[in-house]
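Heads up: the structure comes next, in C-alpha cells.
Being a predicted model, the structure only gives us computed values, none of them experimental.
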Amino acid sequence: MRLSLLDRSRTRSGEPDEAALGHTVARARRAEQLGYHRFWVAEHHAVPGIASGSPPVLIAAVAARTERIRVGSGGVMLPNHQPIVVAEQFAMLEALFPGRIDLGAGRSLGFTPPVRRALRRASAGPDTFAADLAELRAYLDGTAPVTVRPRLDRPVPLFVLATGRGLAVAGDAGLPVVLGGPALDRDGIGEELADYRARVRAAGARPYVVVSRDVLVADSVAAARELALPEAWALAAARTTGQFPALEPVDPGRPLSARQRTVVEDAVGRTVHGDEAAVADELGDLLARTGADELLASTSTFDRAALGESDARLVRMFRRDD
C-alpha cells in the first residue's frame, strides 16, 4: 500500500508565515528521501493558522526542489475557481514537471462568511461540483470545446476529495477518491465505499481509495498525545472564537472551557497516535474497514523536529510490513 503526506503549511506562534512555507518545502524534500509516494499541499483562504492559499504556486515551489516524488493538491476547491483556470494551472505544472503532478479537487467553501464573500461565493448557492468536475476533466483530457495550453500528451491524474455525497460523484465519474475526517468513522462507511467501487467499475474504471488521517508516531502513547495537542487546541479555539490560530507549544496548564475540553479530546481521539505498535494496530483497523489503496498522513504539530521523526517512523513501519 502506498504512503503519502499532506502538509497544510501550518503557521507557528512567534514566526512569520513564510517560515511555514519554507518548512513545507523542506518537509517535502525529506519525504522524498524517506520514500513517500506523494506530497500534497492544501488550499485555505485568509486562515491565520495556515499559510497555503494558492496550491499551484506552492506545488511549483515543492516540485522545483524535489526530483521524483509526486506533488499535488489536497485540494483545489472548485467552488472558488473557474475550471478552465485550474486546468491551465495544472497543465502548466505537468509540462514543467512531467509525470509528477496530481490534482485533487474538492467542494469546500471559504472558512468564514467574510472569506466566502471575498471569494464571491454564497453558501446558499447551487451545488455545481459535479458539473464543474466534469468540465475540468474535459479540459484536462482534451475533449472540451476549447484546448487549454500547454497541450499535454497525457492528462494530469484527477482525484476527488469526498466527505459524503462526493463518493457517488467520484464513483459515477470513475475517478480515484480521497476520504478523510469524520467521514471515516461513520457507521456504514464500508457500504458507502462498496457503492463507490461498484459505480467506478460500472463506469469502466478501476476504483482507487486514499484515506487521509492525522498520524503521529512517538516513543509512547503519552508522548504522541502531547504532539497532537497543539492541533487539537487550535481546533478548539476555532470552534469557540471562529479563528483558527497558529500552532503553539504545549502548555499543560492551559485553561479550557468544558466545551473546549470536549473538542480537544475528540480531536486527539481522531488522531492515530502512539508508539509503533499502537499506531500499527489502529491503522490496521482503518485499512481493514476501508480497503484503502493508499494512506495520506495529514499530521501537524508545533515541534518540527518531532514531526520529522514521526514521518520517518511511519515510513519504517510500512517498510517492516512489506
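Using a 4.5 Å heavy-atom cutoff, the side chains of E32 and E67 are in contact. Between L167 and D195, every side-chain heavy-atom pair lies at or beyond the 4.5 Å cut-off. Side chains of R10 and F244 form a contact here, defined as non-hydrogen atoms less than 4.5 Å apart. In this structure the side chain of R8 reaches within 4.5 angstrom of the side chain of E231, judged on heavy atoms. A 4.5 Å side-chain heavy-atom check between Q260 and W233 finds every atom pair outside the cut-off. At least one side-chain heavy atom of M1 sits less than 4.5 Å from a side-chain heavy atom of F318. A 4.5 Å side-chain heavy-atom check between S4 and W40 finds every atom pair outside the cut-off. With contacts defined as side-chain heavy-atom distances shorter than 4.5 Å, the pair V160/F129 qualifies.
Put simply, V264 and L247 are part of two different groups of oily side chains (I, L, V, M, F, W, Y) that touch within less than 4.5 Å, one to the next. If you chain together hydrophobic residues whose side chains sit under 4.5 Å apart, L78 and V41 fall into the same group. Cluster membership for V215 and V211, using ILVMFWY side-chain heavy atoms within less than 4.5 angstrom, is shared. The cluster map of Ile, Leu, Val, Met, Phe, Trp and Tyr, joined by side-chain heavy atoms under 4.5 Å apart, puts Y36 and V217 in the same cluster. Hydrophobic cluster membership is shared by L58 and L5, with clusters built from Ile, Leu, Val, Met, Phe, Trp and Tyr side chains linked at under 4.5 angstrom.
Ring-plane geometry between Y208 and F159 is classed as perpendicular, the angle between the planes exceeding 60 degrees on a 0 to 90 degree scale with a lower cut at 30.
D311 has no carboxylate O lying under 4.0 Å from a charged side-chain N of R316, or vice versa, which leaves the two without a salt bridge.
Checked by atom type, the side-chain pair D303/T301 shows no donor-acceptor distance below 3.5 Å. Using modelled atom types, one finds a donor on one side chain and an acceptor on the other under 3.5 Å when comparing D214 with S298. Defined by atom type and a distance below 3.5 Å, a donor-acceptor pair is present between the side-chain atoms of T66 and R100. Side-chain contact of E43 with H81: a donor-acceptor pair under 3.5 Å is present, judged by distance alone. D7 and T24 share a donor-acceptor pair across their side chains, judged by distance under 3.5 Å alone. A side-chain N or O of Y139 and one of E135 form a donor-acceptor pair less than 3.5 Å apart. A donor-acceptor contact closer than 3.5 angstrom is absent between the side chains of E248 and S13.
Contact record, V146 with I84: CG2-CD1, 4.0 Å, taken as the closest heavy-atom pair. D102 and R38 make their closest contact through OD2-NH1, 2.9 Å (heavy atoms, listed as atom of the first residue, atom of the second, distance). In plain terms, the two heavy atoms of A95 and P98 that are nearest each other are O-CD, 3.8 Å. For the residue pair V115 and A46, the shortest heavy atom distance occurs at CG2-CB, 3.8 Å. Contact between T271 and E282 at its shortest, heavy atoms only, is O-OE2, 4.4 Å.
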Determine, step by step, whether E94 and R154 satisfy the salt bridge (Lys or Arg N to Asp or Glu O under 4.0 Å) criterion, reporting the C-alpha distance in whole Å, the side-chain angles of both residues, the deciding distance to 0.1 Å, and the verdict.
-> CA-CA 9 Å; E94 175 63 22; R154 58 188 174 196; 3.6 Å; yes
Stepwise salt bridge (Lys or Arg N to Asp or Glu O under 4.0 Å) check, R313 with E276 | CA-CA 8 Å; R313 289 186 183 211; E276 281 88 345; 3.7 Å; yes
Decide yes or no on salt bridge (Lys or Arg N to Asp or Glu O under 4.0 Å) for R2 and D293, but give the supporting numbers first.
-> CA-CA 7 Å; R2 288 170 171 166; D293 302 282; over 6 Å; no
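Within a 6.0 Å sphere centred on CG of D251, other residues, nucleotides and ligands contribute more than 12 heavy atoms. Atom CD of E15 has more than 12 heavy atoms from other residues, nucleotides or ligands within 6.0 Å. No more than 12 heavy-atom neighbours from other residues, nucleotides or ligands sit within 6.0 angstrom of CZ on R65. Taking a 6.0 Å sphere around CD of E226, one finds it holds 12 or fewer heavy atoms contributed by other residues, nucleotides or ligands.
If you run side-chain hydrogen bond (donor to acceptor under 3.5 Å, both in side chains) between R107 and each of N80, D132, D127, only D127 comes through.
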